[in-house]
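A quick write-up on the structure given underneath.
Residue numbering restarts at 1 for every chain, and letters A, B, ... go by the order of the sequence lines.
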Amino acid sequence: MKRRIEEVLERTLAAARREGKLGSSTNEPVSVEVPKDREHGDIASNLALTMARSERKSPRAIAEILREHLDDPEGWITSSEVAGPGFLNLRLSPGFWRSELARLSAEPALGVVSEEAGKRAQVEFVSANPTGPLTVGHGRNAVLGDTVARLLSTAGYAVEREYYFNNAGRQMKVLGASVRARYLEEIGRPSEFPEDGYQGDYIRDIARSLRHEHGESLADHEGNAFRAAAESAIFAEIRRTQERLGIVFDHYFNEDSLYASGAIERVVAALDERGLVDRREGAVWLVGEKVGLEKDRVLVKGTGEPAYRLPDIAYHEDKLARGFDLIVDVLGADHISQHRDVAAALVALGHDISTIRAVIYQFVTLTRHGEQVKMSTRRAEYVTLDELLDEVGVDAARFFFLCRKSDSHLEFDLDLARKRSTDNPVFYVQYAHARISNLFAEAGRQGVAVPEGPANASLLEPLGESEEFELIGQIALYAETVALAARELEPHRIVFYLQELAASLHRYYNRHRILGDEAPERVTARLVLLHVVQRTIAAGLGILGVSAPDRM
RNA sequence: GCGCCCGUAGCUCAGCGGAUCAGAGCAUCGGACUUCGGAUCCGAGGGUCGCAGGUUCGAAUCCUGCCGGGCGCGCCA
C-alpha cells in the first residue's frame with residue numbers, strides 16, 4: 001500500500017523538478033507513514049521536511065509545491081493538505097481501498113514477499129542441559145526461538161532449529177549423585193545427599209522408577225548409571241514439553257562431538273598460534289587485552305577440563321563453517337557477557353561473524369492474584385513450564401511470552417492468561433477469528449455463499465463505510481509488519497499488530513450488520529472483506545504458533 | 001567499582017533508523033443489545049516520557065552526566 005503512494009510522490013517530485021519548482025540536485029528517498037491520528041489523513045509524508053535543507057526552502061513551501069503537482073492519474077488521492085511543520089497529509093479514495101482489497105484477496109501470502117528466498121538460517125535456542133525440567137524462563141526462550149524461526153521462514157529462509165547441550169559436565173555428575181542418593185533412600189540404604197545436589201521432586205521420581213525397574217540391584221553402582229538414567233528420563237520430559245508447545249528441533253548438537261572431532265584442541269592451538277593465550281596458575285587463559293575484552297578469561301581449567309566458553313567457541317566455529325546466511329542465538333540476559341567472549345574469540349581467529357545475531361531476553365516473573373510468585377531454583381521452588389502449560393494452555397503461554405519486546409522484563413499474569421474473557425488479549429484476537437467463522441456459518445444457514453477466491457474491484461464497489469476502509473488499511477499493513485518483525489527478529493510486533501486488527505474487526509462488526517442487507521451485492525462485498533481479514537488473523541496467529549479457532 | 005538492559009498514565013507495556021507524538025490494554029467512572037455469540041462496542045478522567053545538560057529549525061527518540069531497578073563481571077553452565 002505504502003509503495004503505491006510512494007510511487008505517486010516520486011512521480012510528483014520528478015514533475016515538480018522538471019518544471020523547475022524544485023532543485024534537481026539531490027535524490028531524496030520518498031517514504032510515507034500511516035499516521036496514528038486519523039485527523040492527519042490516511043497516509044502522510046514528511047518528504048518536504050527532509051528536503052528542506054538541500055532545497056533551502058521552508059518545508060511548508062515545499063509541501064505546497066508537491067501538493068500542487070500531485071501526479072495521481074488513477075484518482076487514488078481525494079484530498080491533500082499541508083499540515084504542521086510541513087507534512088503532506090493525504091486522504092485516499094474508496095477506489096484505492098477497493099483495489100487494495102482486490103489485490104490482497106488474490107494473494108495467498110497476503111502480500112508477504114520471500115525476500116530472503118534461497119538463503120539458509122539457523123536458530124539455536126533452549127539449549128538447556130538435561131539436569132531438570134524446563135522452567136518458565138526456558139519457556140520464553142523456547143517460544144521466542146521458535147517464533148523467530150517461523151518469522152524467518154516467512155521471510156523466505158530455509159530454517160534449521162538446533163538445540164545445543166552438554167551431558168558430560170560437572171552438573172551432570174551432580175545430577176547422577178543426586179539420583180543415586182535418592183535411590184538409596186528409596187531402598188532404605190544409608191545415603192548422603194550431595195551438598196549442591198538437585199532438590200526437585202523429579203529426582204525422587206527418577207529414583208523411584210529405577211527401583212521399580214531394577215529393584216535393589218543398582219545399590220553398588222556408581223553415579224554414572226544413575227546419571228545416564230536421569231539424562232534419558234529428563235530429556236524425554238524436555239522433548240515432551242517442547243512438543244506440547246509445537247516445537248520440534250531439526251538437530252540436537254552434543255558438545256561431546258567437539259571433543260571427539262578435536263575441534264576444541266584446534267581452537268586452543270589456533271589461539272595459541274596467534275599469541276592470544278597465556279598459561280599461568282595451571283590454567284590456559286584467553287588474553288582479554290589482545291582480543292578486546294576487559295579481562296582475561298579461562299579457556300582450560302587447572303583440572304585440564306575446558307571451561308564452558310571454549311567449547312562454545314568451537315561450537316560457533318562449527319556453525320559458521322556450515323555456511324548459514326544467518327545464525328541466531330537466543331539467550332537470556334545472564335549470558336550476554338559469555339556471548340561477547342565467544343564473539344571476541346571468533347573475531348580474533350579471523351572469522352567474519354556478521355551473520356551471527358543474538359536475541360537476548362530478560363527474565364520472566366509470574367504474578368498470581370496481583371502478587372509475584374516466588375521462585376528459587378536452588379530449592380527447586382519454581383514453576384515448571386509444564387505446570388504453566390497445564391494452567392493457562394499452550395495458546396495463552398505462547399502469546400504471553402511473545403507480547404513484550406524481548407529486551408523488556410516480562411511479567412506473566414497467570415490469572416489474566418487463564419481468563420476466557422475480553423481482558424485476555426489472546427482470547428480477544430482469537431475471538432475475532434471465531435466471530436468471522438461464526439458469521440460465515442450463519443451465512444451458510446441463510447444460503448448466502450462466502451466468496452473465497454480473488455475478487456475484482458467492481459465486485460467491491462458497495463464497500464463505502466469508513467470502518468471498511470480502516471480494515472483494508474490494516475490488512476494492507478500485514479506484509480510489511482511481518483517483514484519488519486523478521487528483519488528485526490522481533491515477534492512482539494506481530495502480537496501488537498493482531499490486537500489492533502482484532503480491534504478494528506470488532507469495531508466494524510459492532511457498527512454494521514453484514515448479513516440481511518437488502519442489497520445482496522453489499523453482503524457479498526462485505527464477506528469478501530471479512531474473509532481476507534480472517535485469513536490475515538489466521539496467518540498472524542500462525543506465525544506466533546497460536547491456534548485460530550472457528551469457535552471458542 | 002566496571003559492562004549490558006530497563007525507567008513513558010494508578011498497573012502492565014508499545015513507540016525510540018528525530019518531525020502533524022504524548023499512545024494501547026487493564027483498572028476507575030458513564031453509556032450502547034427485539035444482536036450475524038455483548039466473550040463486543042462507544043465515551044470520560046488520568047502522564048513535567050526518571051532527573052539535568054547538550055546536538056538540532058525540531059528530541060520520549062541521538063550524545064554526556066547523574067538517580068533508581070534488573071543482569072553480568074566464576075578455573076559454574
Length of the line joining A:Arg513:CZ and B:A32:C1', which is rounded to integer Å: 16 Å
Which parts of residues 392-407 of chain A get close to RNA chain B, meaning a heavy atom less than 4.0 angstrom away? A:Arg404, A:Lys405, A:Asp407
With sequence neighbours left out, write down each residue that passes side-chain hydrogen bond (donor to acceptor under 3.5 Å, both in side chains) with A:Asp407, or none if nothing qualifies. none
Report which part of the nucleic acid A:Arg551 touches: base, sugar-phosphate, or nothing (heavy-atom distance under 4.0 Å, all strands). base
Heavy atoms under 4.0 Å, any strand shown: does A:Phe496 hit a base, just sugar-phosphate, or nothing? sugar-phosphate
What one-letter contact string describes nucleotides 71-77 of chain B from 5' to 3', where B marks a base within less than 4.0 Å of any protein heavy atom, S marks contact via sugar-phosphate atoms alone, and - marks no contact? SSSSBSB
Which helical stems does RNA chain B take part in, if a stem means at least 3 consecutive Watson-Crick or G-U pairs with both distances below 3.5 Å? B:1-7 with B:67-73, B:10-13 with B:23-26, B:28-32 with B:40-44, B:50-54 with B:62-66
Taken in chain and number order and not counting sequence neighbours, the residues that satisfy side chain to side chain contact (heavy atoms under 4.5 Å, CB included) with A:Glu81 are A:Ala83, A:Asn89
Residues in ring pair (Phe, Tyr, Trp, His ring centres under 6.0 Å) with A:His409, at least two apart? none
Interatomic distance, A:Phe412 CZ vs B:C11 C1' [rounded to whole Å]: 17 Å
Results of side-chain hydrogen bond (donor to acceptor under 3.5 Å, both in side chains) for A:Tyr508 - residues two or more places apart only: A:Glu468, A:Arg526
Are there any protein N/O atoms within less than 3.5 Å of an N/O atom in nucleotides 41-45 of chain B, and if so, which ones and at what distance?
from, atom 1, to, atom 2, distance (Å)
B:C41, OP1, A:Tyr428, OH, 2.3
B:C41, O4', A:Asn510, ND2, 3.4
B:C42, OP1, A:Arg507, NH1, 3.0

Do any side-chain atoms of residues 439-447 of chain A form donor-acceptor pairs under 3.5 angstrom with protein atoms, and if so which ones, sequence neighbours left out?
from, atom 1, to, atom 2, distance (Å)
A:Glu442, OE1, A:Arg445, NE, 3.1
A:Glu442, OE1, A:Arg445, NH2, 2.9
A:Glu442, OE2, A:Gln446, NE2, 2.9

Those residues at least two apart in sequence (or on a different chain) that pass side-chain hydrogen bond (donor to acceptor under 3.5 Å, both in side chains) with A:Ser437 are A:Gln534, A:Asp550
Sequence neighbours left out, what passes ring pair (Phe, Tyr, Trp, His ring centres under 6.0 Å) with A:Tyr315? Give chain and number order. A:Tyr164, A:Phe253
Just call it for A:Ala44: base, sugar-phosphate, or nothing, with non-hydrogen atoms closer than 4.0 Å on any strand. base
If the condition is ring pair (Phe, Tyr, Trp, His ring centres under 6.0 Å), which residues does A:Tyr252 pass it with, not counting sequence neighbours? A:Tyr163, A:Phe235, A:Phe249
Keeping A:Arg309 on the side-chain end and A:Gln338 on the backbone end, is there a donor-acceptor pair under 3.5 Å? no
